[in-house]
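Structure first, commentary second.
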Amino acid sequence: MDDWRYSQKHLLGIEGMHALDINLLLDEAEVYAEHNRQTQKRKAILKGLTQINMFFENSTRTLMSFDLAGKRLGADTISLPVSSSSIKKGETLLDTALTLNAMRPDVIVIRHGSSGAVKLIADNVDCAVINAGDGRHEHPTQALLDALTIRHRKGKIEGLIVAICGDILHSRVARSNIHLLLTLGAIVRLVGPPTLLPPHFADLGASIHHDMESGLKDADIVMMLRLQQERMDGAFLPSTREYFRTFGLTDDKLAHAKPDAVIMHPGPMNRGVEIDTHIADDLKRSGIAEQVEMGVAVRMACLDVLTRDLRAEAADG
Amino acid sequence: MADRLYQNAHLLCPATGLDGPGSLLARDGKIAATGDDIIAASDAETIDCHGKILCPGLIDMQVFAADPEAAAKGGVTTALLHPRRGAELDSPSKVRAIFAGNRGQTARTIPMGAATRDLAGHEMTEIGLMGEAGVPAFGDGRKTIADTAVFMRILTYASSFNTLILNAAEEPRLTEGTCATMTDLSVRLGLPAAPTFAEAMMIQRDLRLIEATGARLHIPIISCAESVALIADAKARGLTVTCGTTPAYFALNEIAIGEYATFAKLRPPLRTEDDRMAITKAIGDGVIDIICSGHHPLTEEEKRLPYDQAEAGMVGLETLLALSLNLVRDGVLSQSALLAMLTQKPADILQLSTGRLSIGAPADLALLDVNAPWKVSKESLVSAAKNTPFDGLPVQGTATQPWLGRWA
């Protein structure tokens with residue numbers, strides 16, 4: 001369906017998204033991935049449009065990626081790291097949304113520590129909103145860039161066995177990936193200790209594994225998640241070394257996956273905690289650098305697609 | 001106070017068994033006579049009830065703010081004000097101030113005394129002195145008294161006064177930092193969640209403690225099937241326990257949260273459909289004794305926040321009657337049995353003389369039109385706060401402004 005038009009105003013989450021919308025974004029991102037390998041990367045399609053990046057949580061790579069994506073498309077980008085701005089002090093999120101809206105941006109990219117917070121802002125502004133991660137809920141551009149990486153490496157997504165390993169409970173990356181991969185026909189396995197992988201995840205359509213051997217068996221893709229420091233030290237896990245022993249990605253565990261399995265990680269990695277350092281650096285097997293590259297392409301595609309109607313209206317005068 | 005004669009009424013009172021046309025005479029704030037041929041003083045004020053239901057004013061066993069205007073609109077004549085942070089109700093002077101605030105109001109607010117100082121869960125309050133001041137029940141409001149030794153001593157001490165103790169049913173170590181029930185829905189929404197059995201575990205502990213101490217315990221809200229089973233079993237064994245719920249737990253399930261609808265953020269959080277059905281059945285079976293409103297007015301600023309940061313609670317005084325009447329229409333229980341849960345039973349649990357149309361009882365009266373349709377909305381609610389998850393819902397059942405009798 002070449003003439004399919006993106007059916008939503010925002011990009012708030014993968015859950016409930018139509019496969020056609022997902023594929024549209026991936027196809028567009030594919031073009032940008034090619035484009036980004038040229039020396040002259042700058043385009044002017046978003047010239048005159050304003051993109052505000054509002055990150056209520058610390059982030060370098062996602063913020064940089066969105067900023068770079070906007071700049072490459074010619075948009076005026078402003079990044080407000082809220083943790084160091086005055087907006088945080090005493091102002092409610094709703095007031096922040098109204099303030100943002102008054103600046104008349106054309107697209108807002110938001111990361112926030114609370115699940116649902118991005119939707120709260122999207123409901124109260126006029127322009128398109130992209131969720132750059134809300135609490136444990138969703139991180140849709142991460143799932144899209146993961147899907148694009150998988151498509152590059154494997155040529156398809158449908159029918160692949162994807163194992164997502166680690167702290168599933170607290171992970172928005174896992175949730176977005178589960179929805180996207182299932183929508184596009186992959187088989188999704190979740191692997192982690194029961195404290196970080198409650199049984200309710202099975203209701204999403206994924207299978208649950210509490211050991212790496214059964215979870216990784218014949219997997220095409222092994223997706224490792226970052227383990228947050230605060231989950232270790234006895235709260236959810238006894239220690240990092242025990243975690244590495246049971247759930248860290250090592251050669252012997254990886255041997256259960258297909259020989260050509262691709263290893264992925266949303267970054268930043270805890271080497272020696274969830275992943276053995278030499279596996280992370282194995283360029284043949286690791287898709288980690290490619291994920292970062294695809295990230296910029298996917299975000300360019302999202303910015304492009306979400307502002308299309310707006311730009312068409314402007315062109316019509 | 002002169003005579004007031006209510007004529008042409010349908011008298012309905014579960015406590016006395018009245019259920020039919022008749023008149024009622026109130027004299028000096030007390031019910032003086034009920035029946036067909038009542039002789040009132042010549043200067044008596046007469047009120048034509050137009051065949052509507054005249055019943056005892058409703059008694060609401062859980063509100064978190066005195067809101068007499070909203071109470072009056074809901075037909076509630078007596079509301080039990082639970083202590084909370086900022087209004088701890090942990091000394092005789094503080095509870096007396098609540099009683100004093102009732103003067104001239106359209107509905108009565110009765111303080112529930114804190115069971116521990118500052119609601120901190122450590123030191124017992126002056127239960128005896130507050131009881132003398134008229135406080136009918138004690139507990140720490142929404143805060144569970146988690147320390148088992150402290151709670152056992154409170155129950156032991158209270159049993160000597162035959163005082164009613166309330167304890168919120170949640171294991172705080174499981175619910176701390178959470179805002180939803182652990183289900184596939186909360187997993188999808190990415191909300192920090194606690195298992196439903198966090199409620200049942202605390203009930204289980206408290207039942208064992210009243211078995212040991214003989215104290216009277218009321219669990220203000222139960223919301224799940226497991227709690228129903230525990231209470232039913234405890235009652236069968238003769239334990240001195242009663243419990244309540246609010247309309248939210250028989251009218252809604254977790255689906256009402258939708259996409260982070262903070263107006264549906266309650267405590268305990270909304271449960272599954274199975275739990276909702278179990279609560280409904282327990283109302284019909286009599287396992288649940290009373291229905292309360294859980295009235296907790298909150299501002300837009302407290303509610304229009306990311307879900308995990310928003311305050312939990314809903315306004316409920318004005319919707320208590322209409323939402324509860326849906327149970328009658330659905331055949332869960334009879335109109336008279338429902339009215340018992342809203343009048344006689346809470347009065348009995350709190351050992352109040354009101355909640356009945358018997359001679360000599362306070363003339364706390366409500367006049368109900370159980371079929372009158374209206375729509376729950378910001379415009380229709382008189383409470384200053386509008387935080388209801390039932391916004392836009394068409395309902396039936398209204399009360400005219402109730403009459404307050406004389407208690408002393």
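Chain letters run A, B, ... following the sequence lines, proteins first, then strands; residues in each count from 1.
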**Request:** Sort out for me which of B:L189, B:L185, B:L305 touches chain A most, counting heavy-atom pairs under 4.5 Å.
**Result:** B:L189
**Request:** List in chain and number order the residues that pass side-chain contact (heavy atoms from CB on, under 4.5 Å) with A:L182, two or more places apart in sequence or in another chain; answer none if no residue qualifies.
**Result:** A:I178, A:V188
Show me, pair by pair, the donor and acceptor atoms from chain B and chain A that are under 3.5 Å apart.
unit_1, atom_1, unit_2, atom_2, d
B:M182, O, A:H200, NE2, 3.3
B:V187, O, A:R175, NE, 2.5
B:V187, O, A:R175, NH2, 3.3
B:R188, NH1, A:E15, OE1, 3.4
B:R188, NH1, A:E15, OE2, 2.3
B:G190, O, A:S115, OG, 2.5
B:Y260, OH, A:H137, ND1, 3.1
B:Y260, OH, A:H137, NE2, 3.2
B:D308, OD1, A:S114, OG, 2.7
B:D308, OD2, A:S114, OG, 3.1
B:Q309, NE2, A:S114, OG, 3.0

**Asked** Relative to chain B, which segment of A:L169 carries a heavy atom at a distance below 4.5 Å: side chain, backbone, both, or neither?
**Response** side chain
**Message:** Please classify the contact of A:P198 with chain B as side chain, backbone, both or neither, using a heavy-atom distance under 4.5 Å.
**Reply:** side chain
